K.L.:
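Next up is a structure, given as structure tokens.
These numbers were taken from a predicted model, which means no experiment stands behind them. Counting from 1, the numbers follow the sequence of the chain as shown.
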Amino acid sequence: MTAIVRTDRLNKSYGAVTALAGIGFECDAGEVVGVLGLNGAGKSTLLRILAGELLPSGGSVWIGGVELGDDSREMRSRVGYLPEEPPLYREMRVRDYLGFVGALNRVARHELPDRIDVVAGRVHIDGHLDRVIGELSMGYRKRVGIAQALLHEPDVVLLDEPVSSLDPAEIVGMRELVRSLGGRRTVFTSSHHLREVHETCDSILVLHEGELLAHGSQEELGVLASRERIEIEVRGTAVDVAGRLPAGVDVVDSAEFGDDVCTLTLDLAGAEREEVAAALVGAGFGIRRLEPVGSDLERVFLDLVRGDGGAAQAGRPNLTDEGSGS
């Protein structure tokens, strides 16, 4: 399958500050792609470049086979973009605003009324077309913003933090809407909340401090969490306990408390819990608690961002060498 979006060694700097450092990835048509990262990771910068709103400092971007710089107008026509703050004229009525945006995006005048009705139904604002935008809730204003991004029927839709500033009920509705947009077009949605991308996306780009740490499906990234972890509470010092663990078992984290007690989080790396317990008991340590640690996508994300753990560093799927800047 031919990639609908492709970047190669994409860089963006603001003076001495590097926002993106050698980002390279490909995404197929119809995917819902989550751009995941902490604040300042480079998510908005990436989406603004894909939208053609911001020029990169280096590297290349292709949308539907058209490279940014070869025909910027043609590339932008293939993209719909919703910034984190929707670009709305709050004094306008929804229908008038969508008509204005449609004209800017060169939608034929005779097609606009039907097109507005279609996208309004798609994002569930058809009952609000004659309301003033400023009177709408933030959730509905976001939906109007998505409607304007869909009017010209783009191949790619970019949604920057679509659930920010929404109440819990609006967040649920927005997740359902984002999921519904996939299939017929490629959707990028950014967030610093792992739950959002977990519940809405087919694949994930993990950004941290301008670098692409991982790109893959949730199943592929889940491979990083496949090694079982346990947390144990033991009478003894962390150093002494670590020295008596079976070969290959890694200490991910440790803490010591009063009364000569420590807790350790262990990556079993194929060893059995019983093997760890037997080794420590045989060495004379008293085990006060042993329990599994959740092996989920959140742990994968934290491991990647922190650079912790063998699972985060070895055998990472699609940890794009071409996106490392090297």
K.L.:
Please list, chain by chain and in numerical order, all residues satisfying side-chain contact (heavy atoms from CB on, under 4.5 Å) with Val35, sequence neighbours excluded.
P.N.:
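Only Lys43, Leu46, Leu47, Phe188, Ser190, Leu205, Leu207 meet the side-chain contact (heavy atoms from CB on, under 4.5 Å) criterion with Val35.
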K.L.:
Has the side chain of Asp267 got a donor or acceptor atom that lies under 3.5 Å from a matching backbone atom of Asp250?
P.N.:
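No; zero donor-acceptor contacts below 3.5 Å.
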K.L.:
List the residues meeting side-chain hydrogen bond (donor to acceptor under 3.5 Å, both in side chains) with Asp167, not counting sequence neighbours, and say none if there are none.
P.N.:
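Scan of Asp167 (side-chain hydrogen bond (donor to acceptor under 3.5 Å, both in side chains), adjacent residues dropped) gives none.
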K.L.:
Among residues at least two apart in sequence or on other chains, which ones pass side-chain contact (heavy atoms from CB on, under 4.5 Å) with Ser180?
P.N.:
Leu177
K.L.:
How far apart are the closest heavy atoms of Val144 and Leu98, and which atoms are they?
P.N.:
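Result for this residue pair: O-CD2, 4.1 Å.
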K.L.:
Give a yes or no on whether the backbone of Ile23 and the side-chain of Thr7 come within a donor-acceptor separation of less than 3.5 Å.
P.N.:
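Present.
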K.L.:
Run the side-chain hydrogen bond (donor to acceptor under 3.5 Å, both in side chains) test against Arg78 and tell me which residues pass, sequence neighbours left out.
P.N.:
Glu74
K.L.:
Is the closest side-chain heavy-atom distance between Val123 and Leu150 below 4.5 Å?
P.N.:
yes
K.L.:
Write out all pairs satisfying salt bridge (Lys or Arg N to Asp or Glu O under 4.0 Å) with one or both partners inside residues 134-160, taking only residues at least two apart or from two chains.
P.N.:
Arg115-Glu153
K.L.:
Using 30° and 60° as the class boundaries, would you call the ring planes of Tyr140 and His128 parallel, tilted or perpendicular?
P.N.:
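It falls in the tilted class, 30° to 60°.
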K.L.:
Between Glu161 and His192, does any side-chain donor sit less than 3.5 Å from a side-chain acceptor?
P.N.:
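Indeed, the side chains of Glu161 and His192 share at least one donor-acceptor pair under 3.5 Å.
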K.L.:
Regarding Glu170 and Ser137, is there a side-chain donor-to-acceptor distance under 3.5 Å anywhere?
P.N.:
yes
K.L.:
Checking Ser203 now: which residues fulfil side-chain hydrogen bond (donor to acceptor under 3.5 Å, both in side chains) with it, not counting sequence neighbours?
P.N.:
Glu31
K.L.:
By the definition side-chain contact (heavy atoms from CB on, under 4.5 Å), identify the one residue from Leu264, Val241, Thr237 that meets it with Ser254.
P.N.:
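Testing each of Leu264, Val241, Thr237 against Ser254, the sole residue satisfying side-chain contact (heavy atoms from CB on, under 4.5 Å) is Leu264.
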K.L.:
Taking Arg229 first and then Glu231, would you say they form a salt bridge - that is, a charged N and a carboxylate O separated by under 4.0 Å?
P.N.:
no
